[in-house]
S.K.: 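To start, I am sharing the structure in question, which I have written as structure tokens.
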Amino acid sequence: MFPKLEPLDEKPENCQTPNIVPTICLSDDDDDEVANPDALALVLVNPDETQVANLEYPLKRKYQARSGELVRVSNLDVEDEIAFRETVRKTRMIYDSLRICLMLEDEKRRVNVASANVGSPSMRLPKVRNDLRVATIMRDNDLWLNRDKRIVGPIPGVNIGDVFFFRMELCVLGIHGVPQAGIDFLPASMSPNKEPIATSVIVSGGYEDDEDSGDVIVYTGHGGQDKNSKLHVVDQKLEGGNLGMERSMHYGIEVRVIRGFKYRGGVSEKLYVYDGIYKVTDAWLEDGKSGFGVYKFKLVRMEGQPEMGSAMLKFAENIRENPMAARPVGYVSLDISMNKEHVPVFLFNDIDDNNEPVHYEYLARTAFPPFVYQPSGNGDSVGCFCVDVCGLDCACAKKNGGEFGYDKKGILVRGKPLIYECGPHCSCSSECCNRVTQKGVKNRFEVFRSLETGWGVRSLDLIQAGSFLCEYTGVVLTKDQAQVFTMNGEDTLVYPYRFGERWAEWGDLSQVDLSRVYPDYVPPSYFSIPPVEFAMDVSRMRNVACYMSHSPCPNVFVQLVLFDHGNVAFPRLMLFAMEDIPPLRELSLDYGAAGEWTEPLSICN
DNA sequence: GTTGTTTCATTGTC
DNA sequence: CGACAATGAAACAA
């Protein structure tokens, strides 16, 4: 009764994919398409260019409209990959930092309103959706990516398995440009041949007629639903995104697939995972479960892509529930920390018979020499006198420049040269939120053997950006001790100063103009500390951090923290997540220039 | 805790 | 160019 959709009679030809950024031809009368060599650069955010673009239309619209130009980005070299990845991550860091910033500012205002309205408790602030507000502010500051091109296929800098807590992030990055609809498509009005083209879909299981078996999805078109009941009340029509899907099938245009899940314990109730590109292989109209006509699209995952992120999430969940059943072989140890961490640290090797990490004594906390703990006499080791939970007048907050290092959920607000936590000298309770890193490891880590990097570390839990991971521990050596240690040639010491200043990237909102949102907003000012001059010996005692691999584009960074003594020359090296890290993805640190950290180097110069 | 209602931001169409 | 419908998620009220 329902006709199968027939493809248009004219078949496009010469639609091969050139290397860099081809324009996609949608009709056969247009055979002189030329790749624009400058188009690649346009994908990256370039403040100068976007400002120029805005000046052209300063009165017509507040922000640059989304482009109608379809492009593919392929065959990037390694340097381009890293550059795109950095851009994506920077954008995501701004999103997260701004969201936390708005949250903290709102809290301040709430306190102010409450104190100004003593006796009239009915006074309330309007409700806010910070996930949406952040996107608006970033859009007004030209910080959205990929608005000047519509990318077909993978988004440079976005990897399969990347996870997102907010749907709006997908808009900001250009992965899926519409904030609500499941199908994102180039509209007919902007299309060269006046046909809509679908570029991405979100599979959230919100449609009763969806079927999802991983590599093959039967996706239900949109429309026909009642506004309130969400039930199908009329037949769907072949228009908009539905027609776009059919046209993408016709032209063989790949479609990005993002899966959405309900997720507990995260910063949001939902989790989105980028699962790679699919091809639409079939489209038809049928009676849905409601009895009304629904369009169906068969999506088949393209070959040669890394394993699906959603499959990895599921696999990690299975390992957490029953490690042995999920992976029968490969466990060398079920806890190399020997109960020294609150959660066990697995040692996993299914490649060779190397079991080296079990031979080192596990050191959950760095051991400093006794003199570090002696009071200096200038009062810097005196704690705060807060009762129960610290407020903004806390002495430790003042040391941090008038704010706490973490939000209420323990997420690092912004990187600093040094963060002071409340410690044993403070009178506040152990529930004080300024005691994040001293509480130790919370994630289930696994040291694993890989062919590429030797030993590596990954987590079985999803790690939210800005979360504390673990300390980088070892036996501390002073400058003099380190020199003696390295005299006999081999230098296996770790030099903290070489980790660099990745912390400065976390929470950096200098690109955002907040004066319009908060006229009285004062950007934080940093204080500086002298360079860290001690070295760390990890040749006998170490912890999980020691096995993290080096990367020029790391997902973990070092933040210096003090809590059990006041000696700024001997801070603890605390590791935080630079981005949302999906389970089973390798953790990496920037140890400084590649390879350099293992070479002997005098630190007294 | 559950359910229904409203609201948020953006795009595309009329 | 302006109005408006469509859309998912979360805050909120019941």
Side-chain angles (χ1 to χ4, degrees), chain A residues 57-70 95 98-99 102-103 106-107 110 122-148 150 164-191 194-208 210 219-245 247 258-264 266-273 294-295 517:
Chain A
Y57 310 99
L59 300 173
K60 281 183 185 170
R61 52 170 72 242
K62 247 170 95 185
Y63 52 92
Q64 197 179 358
R66 233 179 141 195
S67 160
E69 187 182 350
L70 286 178
Y95 187 95
L98 198 48
R99 195 178 45 76
L102 296 186
M103 202 169 64
D106 282 348
E107 249 167 53
R110 203 155 277 146
S122 60
M123 177 67 187
R124 274 192 185 174
L125 284 170
K127 66 179 173 182
V128 285
R129 284 281 301 276
N130 281 336
D131 56 328
L132 304 179
R133 281 175 75 204
V134 167
T136 305
I137 295 169
M138 286 181 72
R139 199 239 293 123
D140 293 343
N141 283 271
D142 289 314
L143 290 167
W144 286 32
L145 302 184
N146 301 317
R147 283 179 73 79
D148 45 8
R150 282 183 201 241
F164 307 87
F165 282 108
F166 298 97
R167 207 178 140 142
M168 255 306 174
E169 281 184 275
L170 303 171
C171 293
V172 172
L173 300 176
I175 301 169
H176 189 82
V178 277
Q180 292 187 280
I183 304 172
D184 188 19
F185 61 98
L186 175 73
S189 57
M190 297 172 100
S191 171
K194 301 301 169 204
E195 291 177 350
I197 300 292
T199 53
S200 61
V201 297
I202 295 186
V203 186
S204 277
Y207 280 76
E208 57 184 4
D210 276 355
Y219 191 80
T220 306
H222 58 201
Q225 288 177 312
D226 182 73
K227 202 176 177 181
N228 294 325
S229 68
K230 302 269 172 88
L231 297 170
H232 280 124
V233 290
V234 290
D235 290 349
Q236 292 183 349
K237 293 176 190 151
L238 190 58
E239 57 185 25
N242 293 351
L243 182 56
M245 289 291 277
R247 292 288 84 192
I258 303 100
R259 282 190 172 80
F261 300 94
K262 278 192 178 154
Y263 185 81
R264 278 173 222 270
V267 61
S268 134
E269 298 284 300
K270 296 280 286 199
L271 185 70
Y272 297 93
V273 186
V294 292
Y295 278 95
V517 193

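Chain A is the first sequence line, chain B the second, and so forth, proteins listed ahead of strands; every chain is numbered from 1.
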S.K.: For the NZ atom on A/K237, are there more than 12 heavy atoms of other groups (residues, nucleotides or ligands in this structure) within a distance under 6.0 Å?
M.R.: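 No.
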S.K.: Once you round it to whole Å, what is the distance between P of B/dT10 and CG of A/L132?
M.R.: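 Atom CG in A/L132 sits about 8 Å away from atom P in B/dT10.
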S.K.: Take the protein atom CD1 of A/I202 and the nucleotide atom C1' of B/dT10, then report the distance between them rounded to whole Å.
M.R.: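 It works out to 13 Å between those atoms.
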S.K.: Looking only at side-chain N and O atoms, does A/T136 come under 4.0 Å of OP1 or OP2 in B/dT10?
M.R.: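 A/T136 to B/dT10 OP1/OP2: side-chain N or O found under 4.0 Å.
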S.K.: Figure out the CD/C1' separation between A/E239 and B/dC14, and round it to whole Å.
M.R.: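 These atoms are roughly 12 Å apart.
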S.K.: In whole angstroms, how far is the C1' atom of B/dT11 from the CG atom of A/L170?
M.R.: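 That distance rounds to 16 Å.
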S.K.: For A/P179, answer base if it contacts any base atom (sugar-phosphate contacts may also be present), sugar-phosphate if it contacts only those atoms, and nothing otherwise; contact means non-hydrogen atoms under 4.0 Å.
M.R.: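 Result for A/P179 = base.
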S.K.: Between B/dC8 atom P and A/I137 atom CD1, what is the distance in whole Å?
M.R.: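 Nearest whole value for this atom pair: 15 Å.
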S.K.: Can you check whether A/S268 has a side-chain N or O nearer than 4.0 Å to OP1 or OP2 of C/dA10?
M.R.: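 Result: yes.
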S.K.: Which nucleotide in the list C/dA10, B/dT13, B/dT11 gets nearest to the side chain of A/V178?
M.R.: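 It is B/dT11.
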S.K.: Between A/D131 (CG) and C/dA9 (P), how many Å, whole number?
M.R.: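 Interatomic distance, CG of A/D131 to P of C/dA9: 11 Å.
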S.K.: Looking only at atom types and distance, does a side-chain atom of A/Q236 sit under 3.5 Å from a main-chain N or O of A/G221, one as donor and one as acceptor?
M.R.: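 The answer is yes, because a donor-acceptor pair under 3.5 Å joins these two groups.
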S.K.: Let me spell it out: for each of A/R66 and A/R133, pick the nucleotide of DNA chain B with the closest heavy atom. Which residue's pick is nearer the 5' end?
M.R.: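 This one resolves to A/R133.
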S.K.: Is the phosphate of B/dT11 approached by A/R150 (side-chain N or O, under 4.0 Å from OP1 or OP2)?
M.R.: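 For A/R150, the contact criterion (side-chain N or O under 4.0 Å from OP1 or OP2 of B/dT11) is not met.
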S.K.: Could one point to a donor on the side chain of A/R129 or the base of C/dA11 with an acceptor on the other under 3.5 Å away?
M.R.: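 Looking at the base of C/dA11, it does not pair with any donor or acceptor on the side chain of A/R129 (distance under 3.5 Å).
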S.K.: Does A/S189 put a side-chain nitrogen or oxygen below 4.0 Å from OP1 or OP2 of B/dG12?
M.R.: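 For A/S189, the contact criterion (side-chain N or O under 4.0 Å from OP1 or OP2 of B/dG12) is not met.
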S.K.: Using heavy atoms to find the nearest nucleotide of DNA chain C for A/A181 and A/E269 separately, return the residue whose nucleotide is more 5′.
M.R.: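 Per heavy-atom nearest nucleotide, the more 5' residue is A/A181.
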S.K.: Name the closest nucleotide to the A/M168 side chain, picking from C/dA9, B/dA9, B/dT11.
M.R.: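 Of C/dA9, B/dA9, B/dT11, B/dA9 is nearest to the side chain of A/M168.
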S.K.: What integer distance in Å separates A/N130:CG from C/dA10:C1'?
M.R.: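 These atoms are roughly 12 Å apart.
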S.K.: Specify the separation, in whole Å, of atom NZ of A/K262 and atom P of C/dA9.
M.R.: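 Those two atoms, NZ and P, are 10 Å apart.
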S.K.: Can you check salt bridge (charged side-chain N to carboxylate O under 4.0 Å, His left out) on A/D184 and A/R66, steps first, answer last?
M.R.: CA-CA 12 Å; A/D184 188 19; A/R66 233 179 141 195; 2.7 Å; yes
S.K.: Compare the minimum distances between each of C/dT7, C/dA9, B/dT13 and the side chain of A/F185, then state the nucleotide with the smallest one.
M.R.: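 Per side-chain heavy atoms of A/F185, the pick is B/dT13.
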S.K.: With a 4.0 Å cut-off, would you call A/R133 and A/D106 a salt bridge?
M.R.: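 So A/R133 pairs with A/D106 through a salt bridge.
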S.K.: Of A/V172, A/L170, A/V273, which meets side chain to side chain contact (heavy atoms under 4.5 Å, CB included) against A/F164?
M.R.: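 When side chain to side chain contact (heavy atoms under 4.5 Å, CB included) is applied between A/F164 and each of A/V172, A/L170, A/V273, only A/L170 qualifies.
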S.K.: Give one of base, sugar-phosphate or nothing for A/F166, where a contact means two heavy atoms less than 4.0 Å apart.
M.R.: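 Nothing, no nucleic acid heavy atom in range.
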